Amino acid sequence: MKRKLIIPLLLSALCLQSYAQVGKANRDLLQKADESLQFAARQYKLMAKHLPDTVLPKTTDAKTGKLATSNSRWWCSGFYPGVNWYLFEYTKDPAFKAEALKRQALVEKEKNNKGTHDLGFMMFCPFGNAYRITKDPAYKDVLLTSAASLSTRFNPTVGCIKSWDHGTWKFPVIIDNMMNLELLTWASKNGGGKKYAEIAKIHANTTMKNHFRPDYSSYHVIDYDPATGAVLQKKTHQGLADSSAWSRGQAWGLYGYTMMYRETKNKQYLAQAKHIADYILNNPHMPADMVPYWDYDAPNIPNAPRDASAAAVAASALLELSKYTDKATGNRYWGAAEKMLTSLCSPAYLAKEGENNDFILMHSTGSLPHNSEVDVPLTYADYYFVEALLRYKQWAK
Ligand code: GLY
């Protein structure tokens with residue numbers, strides 16, 4: 001064999017070998033993952049029993065302590081049917097499929113909603129999983145319609161999808177919006193044409209340019225001039241301050257760029273995801289149990305409220321990111337995700353059966369500056385926790 005061929009072959013063999021080391025199973029955590037998934041299944045059976053027929057679960061009401069629900073327009077409406085699809089996949093129990101179908105039917109009409117950037121969360125979490133698991137073409141149609149609706153919010157001068165229509169902003173874009181791009185990359189790969197992937201790519205590039213500080217922490221909201229694309233303001237909405245690092249925002253960015261690397265194989269997205277991961281994992285305010293405070297710059301640390309949802313999203317992203325890096329880096333990301341999941345699977349965060357209004361995780365924070373959803377269960381914390389546990393079981397060797 002020619003030397004020209006041998007060297008690349010040797011290099012790829014070395015690469016494969018290093019990938020094979022990442023993802024080493026921790027037997028204790030594998031067992032805890034199964035126990036937690038079985039608990040989640042029992043808990044969500046109770047949720048299905050207690051939840052009124054026409055609504056979706058949201059959180060615990062701060063005043064009454066009772067279950068708070070939403071209609072389909074709330075940005076979190078798709079997470080509950082999404083968790084039911086994951087639990088169906090795990091248990092093969094048709095009751096979860098039936099519950100997923102019943103609740104996603106409530107959400108389906110949002111495919112025509114052009115008033116929010118959250119269609120990725122709302123539609124891809126239920127219908128993306130539904131299509132992945134069943135291959136029923138009806139779900140593909142729902143997703144393609146949703147992608148068309150979402151793409152109407154793209155402004156080519158700004159190079160972004162507009163996040164909100166409310167407030168005094170001109171053209172606000174929040175870091176969370178990176179999560180909605182997967183609906184678009186999926187649509188392009190499933191008959192929607194190239195335009196959706198192009199929008200996702202341009203949005204990710206603009207966000208990479210304007211949303212991040214030199215240390216790779218991110219602003220929450222960038223407000224653009226829709227006529228010129230100029231950056232008008234760099235602000236926060238749910239974080240402590242414009243200059244602070246809101247914890248869930250960092251997790252959305254990490255997950256978003258990891259997903260964009262998977263979808264495009266653009267090395268810039270991989271580098272961005274690694275920078276964000278390193279910002280999170282090297283943060284001096286990351287607590288020992290690796291479940292972040294609601295903002296990395298929160299006052300009154302160590303007594304500040306935690307955000308288990310930020311840990312769940314980050315853990316799921318880190319497990320995936322570990323597969324795309326060299327061995328040492330991958331082991332570091334995998335190990336960090338294991339620590340986060342070990343904490344979330346412990347009684348400090350995992351609810352007791354029949355408590356916590358039938359949600360799985362405790363101690364998330366929605367928006368502390370608005371005194372909204374502080375130290376409560378949140379439906380998306382459950383979604384990304386269950387996703388991370390399934391990823392761990394699938395990828396641990
Ligand atoms: N997308 C809103 C949030 O993360 O709270």
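Just so it is clear, the structure is predicted and the values come from calculations on it, not from any experiment. Counting convention: from 1, in listed order, for ligands and their atoms alike.
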Pi-cation contact, Tyr261 with Lys265 (under 6.0 Å, within 45°): yes
Face-on cation placement of Lys323 at Trp395 ring, 6.0 Å and 45° thresholds: yes
Residues which pass ring pair (Phe, Tyr, Trp, His ring centres under 6.0 Å) with Tyr279, listed by chain and number, not counting sequence neighbours: none
Residue pair Ala336 / Leu318: nearest heavy atoms and the distance that separates them: CB-CD1, 4.2 Å
Has Arg306 got its NZ or CZ under 6.0 Å from the middle of the six-membered ring of Tyr293, at an angle within 45 degrees of the ring axis? yes
Within the 4.0 Å heavy-atom sphere of ligand 1, strictly under, residues: Trp75, Asp176, Gln238, Trp246, Arg248, Trp252, Tyr380
Think Lys58 forms a cation-pi with Trp74, using NZ or CZ under 6.0 Å from the six-ring centre and within 45 degrees of its axis? yes
